[in-house]
Chemist: 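Mind looking over this structure? Questions follow.
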2 protein chains.
Amino acid sequence: MFISTYENKLDKKGRVSVPASFRSYLSSLGYNSVVCYPSFTNSSIEFCPQSRIEKLSDSIDSLSPFEENRDTFATSILADSFQLNFDSDGRVVLPKKLLDHSGIKETVFFVGQGKTFQMWEPQKFSKFREEARKKAKTLRSNLKWS
Amino acid sequence: MFISTYENKLDKKGRVSVPASFRSYLSSLGYNSVVCYPSFTNSSIEFCPQSRIEKLSDSIDSLSPFEENRDTFATSILADSFQLNFDSDGRVVLPKKLLDHSGIKETVFFVGQGKTFQMWEPQKFSKFREEARKKAKTLRSNLKWS
DNA sequence: TGGGTTATTATGGGATTACATGGTATATAA
DNA sequence: TTATATACCATGTAATCCCATAATAACCCA
């Protein structure tokens, strides 16, 4: 599971350390890499294990070839995805496209989301977090949890 | 089950011993760690077995990947959670964020809650307990007991 | 019941390791 | 060349391990 938030730094080569706990979860799934793509709904970068994107690809594939949404999904996710490999010290290099999308400059916020995680520019995240807190207060009762 | 209350000390490295009975319950579930997060309603820190938070993660995951509330839930809960591992003597290190939230300085109050437990700053807990007693007095008659 | 013994637990500190982060050196591609 | 990617090495800090001691609880036996 990806939980917690971490704050790491981009060096001048564009590398960031992925938090050790995130890496060890990925490697427990058998991966030495992550897949990522720009979020549709906000300025974060979404990260997930390869298996998840495969599942998503399958569900797109099961849509009718004439389904209008098919190309939309395929284009907006799969085409904009990257596979990032870890270097020997557990770092990845972020593609410029994603840096632009996210607004990340020096500092990266890693945000655990369970089966996925995100990278955020710190200020943008703190705004988002505030909103999330407010909404969650009223919505929390809707979510089932024993 | 987590029952009873205990009082232990934070050392200068920020470590506390988790009561042996709590640890042995966790290890009977197969865990050598706990998950915790700041309480939504008071200044305590909530602790639960990893399985409980995984359930939550699953129910978030069952929402559509494009569901708007998805990120809201994940961010407001999973992002603020921590997985704490026991050292070889059964201690955990409390993150500064949680020390701030709880007001814990030297002494930690452990409060068993059945499937979960809490950590409290002692004075805050005794205030809370007082309030709870008063409320219970007026609510007692509402509780059905066949 | 009491007295002494053993286990278990809590706590402190030094030593060791892991991690994030910076740098250098070498290879690849445009 | 210039930029981009990969491997390797160095270092300070923080987390973790390991051992020593203190405090507490559990036990046994006279």
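For the numbers below, each heavy atom of this structure counts, side chains included, while hydrogens, waters and symmetry mates do not. Each chain gets a letter, A, B and so on, in the order the sequences are listed, and its residues count up from 1.
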Chemist: Heavy-atom contacts under 4.0 Å between residues 88-100 of chain B and DNA chain D, which residues?
Modeler: B:Ser88, B:Asp89, B:Arg91
Chemist: Taking the side chain from B:Thr75 and the backbone from B:Thr72, do they hold a donor-acceptor pair closer than 3.5 Å?
Modeler: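 No, the answer is negative, given that no donor and acceptor are paired below the 3.5 Å cut-off.
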Chemist: For A:Gln123, enumerate each residue passing the side-chain hydrogen bond (donor to acceptor under 3.5 Å, both in side chains) test, keeping only those at least two apart in sequence or located in another chain.
Modeler: none
Chemist: Kindly state which residues belonging to residues 8-22 of chain B come within less than 4.0 angstrom of DNA chain D, counting heavy atoms of the residue only, listed by number.
Modeler: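 By residue number: B:Lys13, B:Arg15.
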Chemist: Angle between ring planes, A:Phe110 versus A:Phe22, binned at 30° and 60°: parallel, tilted or perpendicular?
Modeler: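 Ring orientation, 0 to 90° scale: perpendicular.
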Chemist: Has B:Tyr6 got a side-chain atom pairing as donor or acceptor with B:Ala20's backbone, closer than 3.5 angstrom?
Modeler: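 Here the side-chain-to-backbone pair does not exist.
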Chemist: Are any of the side-chain heavy atoms of A:Pro95 and A:Leu84 separated by less than 4.5 Å?
Modeler: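 In short, these two side chains touch, coming nearer than 4.5 Å.
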Chemist: Do the side chains of B:Glu130 and B:Arg133 get close enough for a salt bridge, i.e. N-O under 4.0 angstrom?
Modeler: yes
Chemist: Could you tell me from which nucleotide to which nucleotide of DNA chain C, 5' to 3', there is an atom under 4.0 Å from chain A heavy atoms?
Modeler: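 Here the contact window of chain A covers C:dC19 to C:dA25.
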Chemist: Going by side-chain hydrogen bond (donor to acceptor under 3.5 Å, both in side chains), name the residues that satisfy it together with A:Arg129, two or more places apart in sequence or in a different chain.
Modeler: B:Asp80
Chemist: Taking all atoms of both residues into account, what is the closest heavy-atom pair of A:Ser81 and A:Ile53, and its distance?
Modeler: OG-CD1, 4.2 Å
Chemist: Please collect all salt bridge (Lys or Arg N to Asp or Glu O under 4.0 Å) contacts where either partner lies in residues 94-119 of chain B, sequence neighbours excluded, each pair once.
Modeler: none
Chemist: Apply the test side-chain hydrogen bond (donor to acceptor under 3.5 Å, both in side chains) to residues A:Gln118 and B:Asp71: give CA-CA distance (whole Å), side-chain angles for both, the deciding distance (0.1 Å), then the verdict.
Modeler: CA-CA 10 Å; A:Gln118 304 172 335; B:Asp71 285 12; 3.2 Å; yes
